[in-house]
Amino acid sequence: MSNYFVTTSIPYVNADPHIGFAMELLYADVLARRARQLGDDVIFSTGADEHGGKVAEKAAEAGLAPKAFADQISERFRDLCQLLNVSSNRFIRTTDPGHEQRAALIWKSLKKDIYKGKYIGWYCTGDEAFVTETEAKANHGICPNHNRPYEKIEEDNYFFKLSKYNQKILEAIESKEFNIVPETRRNEVISLLKSGLEDISVSRHKDKIGWGIPVPGDAEQNMYVWFEALMNYITVLGYPEHQDFKNFWPADVQIIGKDIIRFHCGVWPAMLMSLGLPLPKQLYVHGFITVEGKKMSKSLGNVLHPADVVKPYGIDACRYYFLRHVPSYEDGDFSWDRLAAAYNNELANELGNAVQRTVSMVERYQAGKTGELPPADHDTSAYEEALASCRFDKAIEDIWEQVRGLNQYIDEEKPWAIAKEGDADHLREVLAYQCSSLINIAELLEPFLPDTAAKIKAVFKGDEVQPIEGTLFPKHEVKNDTVVAN
RNA sequence: CGCGGGGUGGAGCAGCGGCAGCUCGCGUGGCUCAUAACCACGAGGUCGCAGGUUCGAGUCCUGCCCCCGCAACCA
């Protein structure tokens, strides 16, 4: 028995949760549940990133104070875990007093790598925003929105010596001490690191970004939101003094989307190194999800909320789709047709029916008695390997091989024919194998479909089958569930 | 010359040097324990285009075309 720590990224609370983040929660949940199943002590943290200009802006639009606005949205992220039966046991908000205090503490500890520098950039007073050097050049020094020249502005900021750790990070990644999966992401990061990291500005002027954690000892500056948000992965454990931190860091797996890879493969490791802490053991980078082939966007009105997906077929069906039919190592697509097909063919017909026919035969031929069950004989190494490398889709495929194998077995053995012949011993043997196989399937399924696994296990618990009321996955008529517009 | 991913039967994908494979859909047959479910067999692809390396290329190299993301300090 050991300790296991898995994290999701903490979503920015400028908008409601959508299925992209739901997927990330599911990935983490599978790992957490699997670890628990193997007897580990698990901390599974998620949370909300709540500071920064954009939240302040959205709050103002809603006529709320930033904190009140953040309260509202972060609550929706918290609810998401329940909606999806996600077993996270820590929810950290960057506005938690604990996080704020610890962030200040961390800043002080990082001080040796923080220096005051000048941020120089092109600024448009019309947009009240900086533009990049390239953009300024592309527009020939004139803001196209306001038709006035950009001003060159200098601003005092604190900088973090990211460049100092460039080489060490590269080494940690190449040696897999800090293991990034999938490989393509790892290669991407390596080439990024080889091209060199520059020091980054890690604070903002208070009058520019007022909603943030103050830089200790400088009333004029707030911490740059990203810098501070990354700290959540250790403040959630009570860094530096809490026992949880001592027991659970480094994280076993951190899960992020591909858009924030730079922060997690550059800034974050550098911060840890500066603090003298080990890097996470593994970073899993997932892709994005489209809806019916299109990128989700408000203007298209196709933003899909997790609740919409759960509604028609239930939580486990939703989990199943995201975990199996969205490729773990690539971008994926959500489609109602494919969800319906997966539900009917795989969950109802193959798995549900395998349970049903087994139960029915045990009842019919053996008055519900199962007798002694043989031990599981399925080779789980492919499954284990898939989970270790976060290939959730492959892991489920491996389970389904067993499901299909069971249906084939039943058709080959023909228990109904054996019953007719009256060979009771042989029949008992065959049916016992079926039950045992289903129990094993349930075991492997638990991290992915916890409710379904529990139901199957309940059926074969004693030496007498306990039929499920109704069916495991009732067949649905094809409904016209269109994407809910927003 | 910003970075990356991808183009394989109707759909979704695997294969990454040695007879082109899986799931769905479609067709035929079998079975009757089961949620009109299950099982078997079959049709369907010149593996984006053009060159090259090789005894042999979806698989390696070069060039081109087409999709899709990311980045440009918003987090």
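Residue numbers begin at 1 in each chain, while the letters A, B, ... track the order of the sequences. Just so it is clear, the structure is predicted and the values come from calculations on it, not from any experiment.
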Kindly point out which of [options] is positioned nearest to the side chain of [X]?
| X | options | answer |
| --- | --- | --- |
| A:T471 | B:U35, B:G30, B:C70 | B:U35 |
| A:Q408 | B:G5, B:A40, B:C24 | B:A40 |
| A:A341 | B:C24, B:A71, B:C38 | B:C24 |
| A:E350 | B:A71, B:C24, B:U35 | B:C24 |
| A:W416 | B:G25, B:A71, B:C31 | B:C31 |
| A:Y12 | B:G4, B:A37, B:A75 | B:A75 |
| A:D411 | B:C24, B:C73, B:C38 | B:C38 |

Looking only at side-chain N and O atoms, does [X] come under 4.0 Å of OP1 or OP2 in [N]?
| X | N | result |
| --- | --- | --- |
| A:R364 | B:A34 | yes |
| A:Q356 | B:C38 | no |
| A:N407 | B:A34 | no |
| A:K475 | B:A37 | yes |

So [X], base contact, sugar-phosphate only, or nothing? Heavy-atom distance under 4.0 Å.
| X | value |
| --- | --- |
| A:L472 | base |
| A:R324 | nothing |
| A:Y365 | sugar-phosphate |
| A:N353 | base |
| A:E330 | sugar-phosphate |
| A:K414 | nothing |

Whole-Å distance between [N] [atom2] and [X] [atom1]?
| X | N | atom1 | atom2 | answer |
| --- | --- | --- | --- | --- |
| A:W226 | B:A72 | CH2 | P | 12 Å |
| A:L230 | B:A75 | CG | C1' | 11 Å |
| A:Y343 | B:U23 | OH | P | 23 Å |
| A:R404 | B:A37 | CZ | P | 15 Å |
| A:D337 | B:C24 | CG | C1' | 11 Å |
| A:L339 | B:C24 | CG | C1' | 14 Å |
| A:D333 | B:C24 | CG | C1' | 15 Å |
| A:E397 | B:G15 | CD | P | 11 Å |

Aromatic ring centroids of [X] and [Y] under 6.0 Å?
| X | Y | value |
| --- | --- | --- |
| A:W268 | A:Y233 | yes |
| A:F392 | A:H286 | no |
| A:F77 | A:F21 | yes |

When rounded to the nearest Å, what value does the distance between [atom1] atoms of [N] and [M] take?
| N | M | atom1 | answer |
| --- | --- | --- | --- |
| B:C68 | B:C60 | C1' | 25 Å |
| B:C65 | B:A50 | C1' | 10 Å |
| B:G69 | B:U53 | P | 38 Å |
| B:U28 | B:A34 | P | 25 Å |
| B:G48 | B:G9 | C1' | 15 Å |
| B:A37 | B:C33 | C1' | 11 Å |
| B:A20 | B:A57 | P | 11 Å |
| B:U62 | B:G5 | P | 14 Å |

Exercise for the section: Check the angle between the aromatic planes of A:W107 and A:F227 and answer parallel, tilted or perpendicular using the 30° and 60° thresholds. Expected result: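 Ring orientation, 0 to 90° scale: perpendicular.
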
Practice task
Could you label the plane-to-plane angle of the A:Y321 and A:H325 rings as parallel, tilted or perpendicular, counting under 30° as parallel and over 60° as perpendicular?
Solution key: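 Geometry flag for A:H325 against A:Y321: tilted rings.
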
Exercise for the section: Between A:Y224 and A:F473, name the one whose nearest nucleotide on RNA chain B is closer to the 5' end. Expected result: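 Comparing both residues, the 5'-ward one is A:F473.
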
Practice task
On RNA chain B, check which nucleotide each of A:P327 and A:I209 is closest to and give me the residue with the more 5' one.
Solution key: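 That would be A:P327.
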
Handout entry: Salt bridge A:K164-A:D199, side-chain N to carboxylate O under 4.0 Å
Key =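 Result for this pair is no, no salt bridge flagged.
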
Handout entry: Lys/Arg N to Asp/Glu carboxylate O, A:K369 vs A:D463, below 4.0 Å
Key =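 No, this pair does not count.
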
Practice task
Assign B:G58 to syn or anti; the rule is syn for a glycosidic angle within 90° of 0 and anti otherwise.
Solution key: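 Base orientation relative to the sugar is syn.
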
Strictly by Watson-Crick or wobble contacts shorter than 3.5 Å, is anything paired with [N], and which nucleotide is it?
| N | answer |
| --- | --- |
| B:U23 | B:A11 |
| B:A40 | B:U28 |
| B:A71 | none |

Handout entry: Identified side-chain contact (heavy atoms from CB on, under 4.5 Å) partner of A:F473 from the options A:V355, A:N344, A:L347
Key =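 Only one of A:V355, A:N344, A:L347 forms a side-chain contact (heavy atoms from CB on, under 4.5 Å) with A:F473, namely A:L347.
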
